[in-house]
Amino acid sequence: MNPNPKEVAGRRAAELVRSGMTVGLGTGSTVHFTLLALAERIRAEGLAIRGVPTSLDTERKALELGIPLVPLDAVDSIDLTIDGADEIDPLFSMIKGGGGALLREKVVASISRREVIVVGPEKVVQRLGTTFALPVEVVPFARPVLARQLARRGCEPKLRTAKDGSRYLTDNGNEILDCRFPDGIADPAGLERELDFLPGIVETGLFIGLAHVLVIGHPDGRAEVREK
Ligand code: 5RP
């Protein structure tokens, strides 16, 4: 069976973790393999870490796997965070939030000394927004207003629903507008600054200047590590 690029990347990043570290635990199907690898290292080598989860899903998985967790209020900074991405460009700017955990992921990234991003090769793009809609987390009350304001900025906002069609809410009780930009995003940093000013936007999935290391898993089993 061919290697799974997500598993290759997720497991390679887990090798960067050292005993004694406080480790940010990202969210998604690539980080899933990081969690498995960390749990294996805890059992096999007695790796001693404290994990800070970025979502309720990751919290549940980490607890099931026996990864010790620590609440955010007991932590000033995080040594290393391992997280996935939906797109990453040559400057390591990213779109995140496909799994809906953008707010907690960005808070954890903002206090992380090193943010390691794990992806398959299809996530590496020249221009953000070309393969993935930008998730924007919004307060439900403000959503109709924001949908119009976002559309005026050249995108097509779509309210995210759960797989069964029911209302989708983030771990923080908010909604997500997935905003497709037909030509991609020309100025991600400028767009982030602009959106941060709109009342009712809780967070955007634009992650600028937060990633330090990129681990790309390839289908031939190679893990490519790029430093910013
Ligand atoms: C969740 C995220 C994920 O990191 C991103 O969606 C990548 O997920 P996956 O590894 O499953 O492709 O931002 O909010």
Side-chain angles (χ1 to χ4, degrees), residues 3-14 23-38 51-62 65 72 78 80-89 92-110 112 114-125 128-138 158-163 168-180 185 188 192 195 201-219 223-224:
N4 173 355
K6 291 188 181 213
E7 178 160 10
V8 172
R11 285 187 173 276
R12 175 66 182 84
V23 182
L25 304 172
T27 296
S29 55
T30 316
V31 165
H32 166 76
F33 292 106
T34 305
L35 299 179
L36 292 183
L38 289 176
V52 180
T54 55
S55 62
L56 297 179
D57 183 54
T58 293
E59 180 176 321
R60 182 185 48 77
K61 284 181 182 155
L65 288 165
L72 200 55
I78 291 172
L80 182 107
T81 289
I82 301 174
D83 205 348
D86 300 303
E87 285 187 346
I88 182 161
D89 76 6
F92 286 13
S93 296
M94 299 181 280
I95 286 184
K96 286 180 52 53
L102 59 157
L103 172 61
R104 295 189 189 197
E105 289 174 335
K106 203 183 272 191
V107 171
V108 167
S110 73
S112 296
R114 250 161 106 76
E115 174 92 358
V116 178
I117 299 301
V118 288
V119 295
E122 76 288 355
K123 306 281 187 77
V124 182
V125 299
L128 292 184
T130 44
T131 69
F132 206 84
L134 173 67
V136 178
E137 181 164 347
V138 302
K158 191 164 176 287
L159 180 63
R160 189 178 294 189
T161 51
K163 279 201 185 83
Y168 177 90
L169 289 179
T170 67
D171 288 350
N172 319 296
N174 297 313
E175 294 177 335
I176 289 188
L177 290 167
D178 288 303
C179 301
R180 186 160 296 285
I185 300 169
E192 197 203 11
L195 297 186
I201 288 186
V202 178
E203 197 47 85
T204 82
L206 285 167
F207 282 52
I208 315 290
L210 290 170
H212 304 103
V213 181
L214 172 61
V215 181
I216 308 170
H218 290 280
E224 183 187 343

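The structure displayed is predicted, hence computed values, not measured ones. Every number for a ligand or one of its atoms is a count from 1 in the order of the listing.
Side-chain N or O atoms of Lys96 include none that pairs as donor or acceptor with a backbone N or O of Ala101 at under 3.5 Å. Not one N or O on the side chain of Thr30 forms a donor-acceptor pair closer than 3.5 Å with the backbone of Val119. Side-chain atoms of Asp83 never come within 3.5 Å of backbone atoms of Val31 as a donor-acceptor pair (strictly under, hydrogens ignored).
Listed by number with element, the atoms of ligand 1 under 4.0 Å from a non-hydrogen atom of Asp83 are 4 (O). With ligand atoms numbered from 1 in the order given, ligand 1 contributes 9 (P), 11 (O), 12 (O) to contacts under 4.0 Å with heavy atoms of Lys6. Of all the atoms in ligand 1, the ones that sit under 4.0 Å from a non-hydrogen atom of Gly28 are 11 (O). The atoms of ligand 1 that sit less than 4.0 Å from any heavy atom of Ala101 are 14 (O). Residue Gly84 has at least one heavy-atom neighbour below 4.0 Å for each of these atoms of ligand 1: 4 (O). Close contacts of ligand 1 with Asp86, meaning ligand atoms under 4.0 Å from a residue heavy atom, involve 5 (C), 6 (O), 7 (C), 13 (O). Near Lys123, the atoms of ligand 1 lying under 4.0 angstrom from a non-hydrogen atom of the residue are 7 (C), 9 (P), 12 (O). Atoms of ligand 1 found under 4.0 Å from any heavy atom of Gly99, numbered from 1 in the order shown, are 1 (C), 2 (C), 6 (O), 14 (O).
The closest approach between a heavy atom of Gly26 and any atom of ligand 1 is not below 4.0 Å. Heavy atoms of His32 stay at 4.0 angstrom or farther from ligand 1.
Counting heavy atoms closer than 4.0 Å to ligand 1, residue Ala85 contributes backbone atoms (N, CA, C, O) but none from C-beta onward. When heavy-atom distances to ligand 1 are checked against a 4.0 Å cut-off, Val119 has no atom that comes that close, whether in backbone or side chain.
Checked against a 3.5 angstrom limit, the closest N/O atoms of Gly97 and ligand 1 fall inside it.
Closest to atom 1 (C) of ligand 1 by heavy atom, among Glu137, Lys96, Glu105, is Glu105.
With respect to Asp178 and Lys158, no salt bridge is recorded, no charged nitrogen being found less than 4.0 Å from a carboxylate O. A salt bridge between Lys106 and Glu192 is present, with a side-chain N of the basic residue lying under 4.0 Å from a carboxylate O of the acidic one.
Between the CD1 atom in Ile176 and the CD atom in Glu203 there is a gap of 11.0 Å [rounded to 0.5 Å]. Atom CZ of Arg114 sits about 7.0 Å away from atom CG of Leu80, to the nearest 0.5 Å.
Closest heavy-atom contact between Ala211 and Ile117: CB-CG1, 3.7 Å.
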